[in-house]
Amino acid sequence: RLGRIGYDNAIGFVEGGASSFLFRQELVSKINRLTAPELRKLMQSEDPPAVIDVRAGAEWTDKHIDGALNVPLNRLRERIAEVPRDKRLIIHCLGGYRSMIAASILEESGFAELTDVIGGINAWTEAEFPVVRQENSTPVCSG
């Protein structure tokens with residue numbers, strides 16, 4: 001699975017898988033999650049969060065949330081300086097897998113107030129919220 005998102009050189013694994021952490025809660029952190037409608041409401045507020053889209057460039061070109069910053073997951077560590085530290089961060093990808101990995105990387109790098117979008121851009125478009133297509137940079141309704 002990691003190879004599908006740009007991580008080709010895994011150097012280890014946890015024997016017993018995720019269930020190994022049941023008895024080591026000090027090694028577990030939790031990331032807040034919200035729905036696409038909750039994100040839209042936050043983005044329309046007086047103090048909107050920074051939205052970080054960790055999908056690949058071709059996915060971004062196809063459609064993205066207006067105002068979101070594209071930092072692909074496989075480039076996140078090298079581009080970490082581009083991620084705002086003065087705002088709440090909302091992270092999303094296509095469906096939720098990559099954004100949770102990104103949240104872990106950001107947390108490890110000292111970021112706080114991290115939130116993941118449940119269902120990612122798929123949930124956003126299913127709710128028929130507008131997206132921007134890079135080729136014309138115009139908001140369009142999808143759904």
Side-chain angles (χ1 to χ4, degrees), residues 1-14 17-22 24-143:
R1 292 189 110 190
L2 292 175
R4 292 189 335 212
I5 59 170
Y7 287 95
D8 298 321
N9 188 21
I11 57 173
F13 66 96
V14 176
S19 63
S20 300
F21 294 106
L22 290 174
R24 298 291 309 272
Q25 290 297 305
E26 74 279 7
L27 299 176
V28 177
S29 65
K30 296 179 182 176
I31 302 296
N32 296 318
R33 303 189 79 201
L34 55 68
T35 64
E38 290 169 325
L39 171 57
R40 182 165 176 147
K41 185 175 181 180
L42 281 174
M43 291 180 72
Q44 295 170 339
S45 71
E46 287 185 27
D47 187 24
V51 178
I52 310 299
D53 183 332
V54 297
R55 295 175 302 141
E59 294 172 287
W60 169 263
T61 299
D62 180 48
K63 64 181 170 233
H64 59 271
I65 297 171
D66 192 24
L69 172 65
N70 181 229
V71 183
L73 177 60
N74 64 344
R75 300 282 180 248
L76 182 58
R77 288 189 194 277
E78 67 193 49
R79 293 180 53 194
I80 202 99
E82 296 174 39
V83 179
R85 289 190 176 267
D86 61 341
K87 290 193 163 269
R88 177 179 179 188
L89 297 180
I90 310 293
I91 308 147
H92 81 85
C93 60
L94 184 66
Y97 185 70
R98 289 173 285 180
S99 58
M100 289 304 290
I101 295 170
S104 293
I105 292 168
L106 290 165
E107 183 181 55
E108 177 185 67
S109 299
F111 286 83
E113 291 194 71
L114 302 169
T115 303
D116 173 61
V117 178
I118 299 166
I121 194 79
N122 283 339
W124 183 269
T125 57
E126 285 173 15
E128 298 185 2
F129 296 146
V131 294
V132 174
R133 297 193 188 280
Q134 189 166 336
E135 61 269 4
N136 63 13
S137 295
T138 326
V140 294
C141 216
S142 60

First locate atom [atom1] of [X], then atom [atom2] of [Y], and finally report the distance between them rounded to the nearest 0.5 Å.
X	Y	atom1	atom2	value
K87	I52	NZ	CD1	11.0 Å
Y97	L73	OH	CG	9.5 Å
L34	I90	CG	CD1	5.0 Å
H92	N122	NE2	CG	10.5 Å
S99	L106	OG	CG	10.5 Å
W124	T35	CH2	OG1	10.0 Å

List the steps and the verdict of side-chain contact (heavy atoms from CB on, under 4.5 Å) for M43 and I65. CA-CA 10 Å; M43 291 180 72; I65 297 171; 3.6 Å; yes
Which atom of [X] lies closest to which atom of [Y], heavy atoms considered:
X	Y	answer
I118	A123	O-CB, 3.4 Å
P49	L42	CD-O, 3.6 Å
A50	P84	CB-CG, 3.7 Å

Let me see the working for L89 and V51 under side-chain contact (heavy atoms from CB on, under 4.5 Å), right down to the final yes or no. CA-CA 6 Å; L89 297 180; V51 178; over 6 Å; no
Do [Y] and [X] meet the salt-bridge criterion of a basic N to acidic O distance under 4.0 Å?
X	Y	result
E38	R33	no
E113	R85	no
R55	D62	no

With a 3.5 Å cut-off and no angle check, do the side chains of R88 and T115 form a donor-acceptor pair?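 There is such a pair between these side chains.
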Hydrogens and angles aside, do E107 and S104 bring a side-chain donor and acceptor to less than 3.5 Å of each other?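 Not at all, the side chains of E107 and S104 share no donor-acceptor pair under 3.5 Å.
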Before giving the answer on side-chain contact (heavy atoms from CB on, under 4.5 Å), spell out for I31 and M100 the whole-Å C-alpha distance, their side-chain angles and the decisive distance to 0.1 Å. CA-CA 8 Å; I31 302 296; M100 289 304 290; 4.0 Å; yes
Return yes when atom NZ of K41 has more than 12 non-hydrogen atoms of other residues, nucleotides or ligands closer than 6.0 Å, and no otherwise.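 No, not enclosed.
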side-chain contact (heavy atoms from CB on, under 4.5 Å) for I80 and F111? Distances and angles first, verdict last. CA-CA 10 Å; I80 202 99; F111 286 83; 3.7 Å; yes
Residue pair R98, E59: steps toward the salt bridge (charged side-chain N to carboxylate O under 4.0 Å, His left out) verdict: CA-CA 13 Å; R98 289 173 285 180; E59 294 172 287; 2.8 Å; yes
Indicate yes or no: at least one non-hydrogen side-chain atom of K63 is less than 4.5 angstrom from one of T125.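 The answer is yes, as the side chains (C-beta and beyond) meet within the 4.5 Å cut-off.
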Taking W60's backbone N and O only, do any of them form a donor-acceptor pair with N70's side chain (distance below 3.5 Å, no angle check)?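 Here the side-chain-to-backbone pair does not exist.
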